[in-house]
Participant: 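The structure's right below; bear with me while I get my questions together.
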2 protein chains.
Amino acid sequence: MSGLRHAILGLLARQPYTGYQIAQLMKRPVGYFWQARHSQIYPELESMSHDDLVAATVINGPGPRPTKEYRLTTAGRTALLDWLGSPVSPLSAGRDDFELRIWSAWLLPPDQVAAMISERRAMVLERQSEYRAILASFPTRMSHGDPRSGEWMTLQMGLGYEEHRLAWCDRMLLTLAAG
Amino acid sequence: MSGLRHAILGLLARQPYTGYQIAQLMKRPVGYFWQARHSQIYPELESMSHDDLVAATVINGPGPRPTKEYRLTTAGRTALLDWLGSPVSPLSAGRDDFELRIWSAWLLPPDQVAAMISERRAMVLERQSEYRAILASFPTRMSHGDPRSGEWMTLQMGLGYEEHRLAWCDRMLLTLAAG
DNA sequence: AGGGGCATGTAAAGAGTTACATGATTCT
DNA sequence: AGAATCATGTAACTCTTTACATGCCCCT
């Protein structure tokens, strides 16, 4: 089963959603670690419906086509739990566009590399405050079994990533300045 | 231009390589941030050759087909530098399988979540020592313009990622234990 | 004699992006 | 009146993975 399926199952395990709402959530907050466009989501929901992992109810809404709300079926819940029980996949099937640049940065004059890293640094700061703003709205303690504890853990992960990235930028800028 | 092209250009900017050698490097060390299989690399080299970004020389080697060594053309070098000069792409087009699991981990009993995180922690430790072993073979100081400085910067990035991941695992294990 | 590494390719399927297409409601 | 948001879908394309295919050389 694909990552997109797991992402959708994880969302519908929380509550029922329309395809449109899922598409919004796949920008933020799910998009922080898994993105998908609506053009990928609608066919996938259809296919999951066919596989009996989700079920749709037509609700009233705007537009030329019927608005459908999806919910998890028992089989869908089982599939999600099966996946969670399966072995954790190995590290790094990731692709990092910025690291790819850095890998070739030795071709550029040092000040241009520094400019590139500064540009990146600004993005990191922005993302950091985004995470912090979301985390501020979380209660200090959550019981296990609360869906928000799942979101909290991923936000902690994301915040840590940005903290590391910021530290890396600063270290590299220092190294470049030291010549 | 795709990430794969940039990865190949970045490799050939260092020295000429055969398709096979590129495929090895796309496992490690380039694979730490950009992976590709040989089935993707050979056609891409062909297509880049057609676009005059790289040029091939037939050298003698084993097997049913001629062994080809590729080198960067002037146009290839220009294309690489153009990309390096273009604006840095925004954060997070990334997809993280482990974060996807964590997002749904609230469905599992706490001890199973802890087991999952411990499993991950072991992978992180392994990767860390892999990075450290590579870094140990690097000289303490490198001049800018040395291709190894590019590799060094990505290794620092990777090591930092793993340090953060380790810290995250430990923090979450503590939180779970405090329950 | 068999297995692994060297070396290059193709085919088919799956995953993901970009663009096209329609139409209602709400806000300015 | 026009723009943004809600809401769903399809088509074409690119990127990525998995599997098939060939054959030499070296080691045990």
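Chain letters run A, B, ... following the sequence lines, proteins first, then strands; residues in each count from 1.
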Participant: Quick one: is D:dC15 close enough that its OP1 or OP2 comes under 4.0 Å of any side-chain N or O from B:Arg5?
Facilitator: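 For D:dC15, neither OP1 nor OP2 has a side-chain N or O of B:Arg5 closer than 4.0 Å.
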Participant: CZ of A:Arg37 versus P of D:dT14: gap in Å, rounded?
Facilitator: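 In whole Å, D:dT14 P lies 17 Å from A:Arg37 CZ.
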Participant: Which whole-number value in Å describes the distance from A:Ile8 CD1 to C:dA15 P?
Facilitator: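 Rounding to the nearest Å, CD1 of A:Ile8 and P of C:dA15 are 12 Å apart.
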Participant: For the helix from C:dA1-D:dT28 to C:dT28-D:dA1, how many degrees between its two end axes (five pairs per end), to the nearest 10°?
Facilitator: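 The angle separating the two end axes equals 30°.
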Participant: Return each pair, listed once, that meets ring-ring contact (aromatic ring centres under 6.0 Å, His included) where at least one residue sits in residues 51-78 of chain B; pairs must be two or more places apart or across chains.
Facilitator: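 Residue pairs with at least one partner in residues 51-78 of chain B: there are none.
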Participant: Could you list the residues that satisfy side-chain contact (heavy atoms from CB on, under 4.5 Å) with A:Ala13, not counting sequence neighbours?
Facilitator: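 side-chain contact (heavy atoms from CB on, under 4.5 Å) list for A:Ala13, sorted by chain: A:Leu72, A:Leu80, B:Trp106, B:Leu107.
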Participant: For B:Glu44 and D:dT16, what is the distance between atoms CD and C1' respectively, to the nearest whole Å?
Facilitator: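 Computing the B:Glu44:CD to D:dT16:C1' distance gives 12 Å.
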Participant: Only counting residues at least two apart or in another chain, list the ones meeting side chain to side chain donor-acceptor pair (under 3.5 Å) with B:Thr74.
Facilitator: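 For B:Thr74 there are no side chain to side chain donor-acceptor pair (under 3.5 Å) partners, ignoring immediate neighbours.
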Participant: Is A:Met172 close to A:Val113 at the side-chain level, that is, under 4.5 Å between some pair of heavy atoms?
Facilitator: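 Not in contact.
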Participant: Atom CG of A:Leu25 and atom P of D:dA7: how far apart are they, to the nearest Å?
Facilitator: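 So the CG-P distance, A:Leu25 to D:dA7, works out to 12 Å.
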Participant: Identify the heavy atoms of B:Ala79 and B:Leu53 that sit nearest to each other, and give their distance.
Facilitator: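 Heavy atoms only, the tightest pair is CB-CD2, 3.9 Å.
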Participant: Once you round it to whole Å, what is the distance between C1' of D:dT16 and CG of A:Leu4?
Facilitator: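 To the nearest whole Å, that distance equals 16 Å.
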Participant: Can you sort out the partners of A:Pro87 under side-chain contact (heavy atoms from CB on, under 4.5 Å), two or more places apart, ordered by chain and number?
Facilitator: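 Testing A:Pro87 for side-chain contact (heavy atoms from CB on, under 4.5 Å), a comparison that skips the adjacent residues, returns B:Glu119.
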Participant: For every nucleotide of nucleotides 4-14 of chain C, 5' to 3': is a protein heavy atom under 4.0 Å from its base (B), only from its sugar-phosphate (S), or from neither (-)?
Facilitator: --BBBBBB---
Participant: Can you name the residues that form a side-chain contact (heavy atoms from CB on, under 4.5 Å) with B:Leu125, not counting sequence neighbours?
Facilitator: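 Only B:Arg121, B:Gln128, B:Leu166 meet the side-chain contact (heavy atoms from CB on, under 4.5 Å) criterion with B:Leu125.
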Participant: What is the distance from CH2 of B:Trp34 to C1' of D:dT16, rounded to the nearest Å?
Facilitator: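 Distance, rounded to whole Å: 11 Å.
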Participant: Show me, pair by pair, the donor-acceptor contacts under 3.5 angstrom made by side chains of residues 33-43 of chain B, not counting sequence neighbours?
Facilitator:
residue	atom	partner	partner atom	Å
B:Gln35	NE2	A:Gly94	O	2.4
B:Gln35	NE2	B:Gly31	O	3.3
B:Tyr42	OH	B:Tyr20	N	3.4

Participant: Take atom NE2 of A:His6 and atom P of C:dA15, then tell me their distance rounded to the nearest Å.
Facilitator: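 Answer to the nearest Å: 10 Å.
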Participant: What integer distance in Å separates B:Met48:CE from D:dC15:P?
Facilitator: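 My rounded result for the distance is 12 Å.
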Participant: For B:Tyr161, what residues pass the ring pair (Phe, Tyr, Trp, His ring centres under 6.0 Å) criterion, not counting sequence neighbours?
Facilitator: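 With neighbours one apart ignored, the set is A:Tyr161, A:His164.
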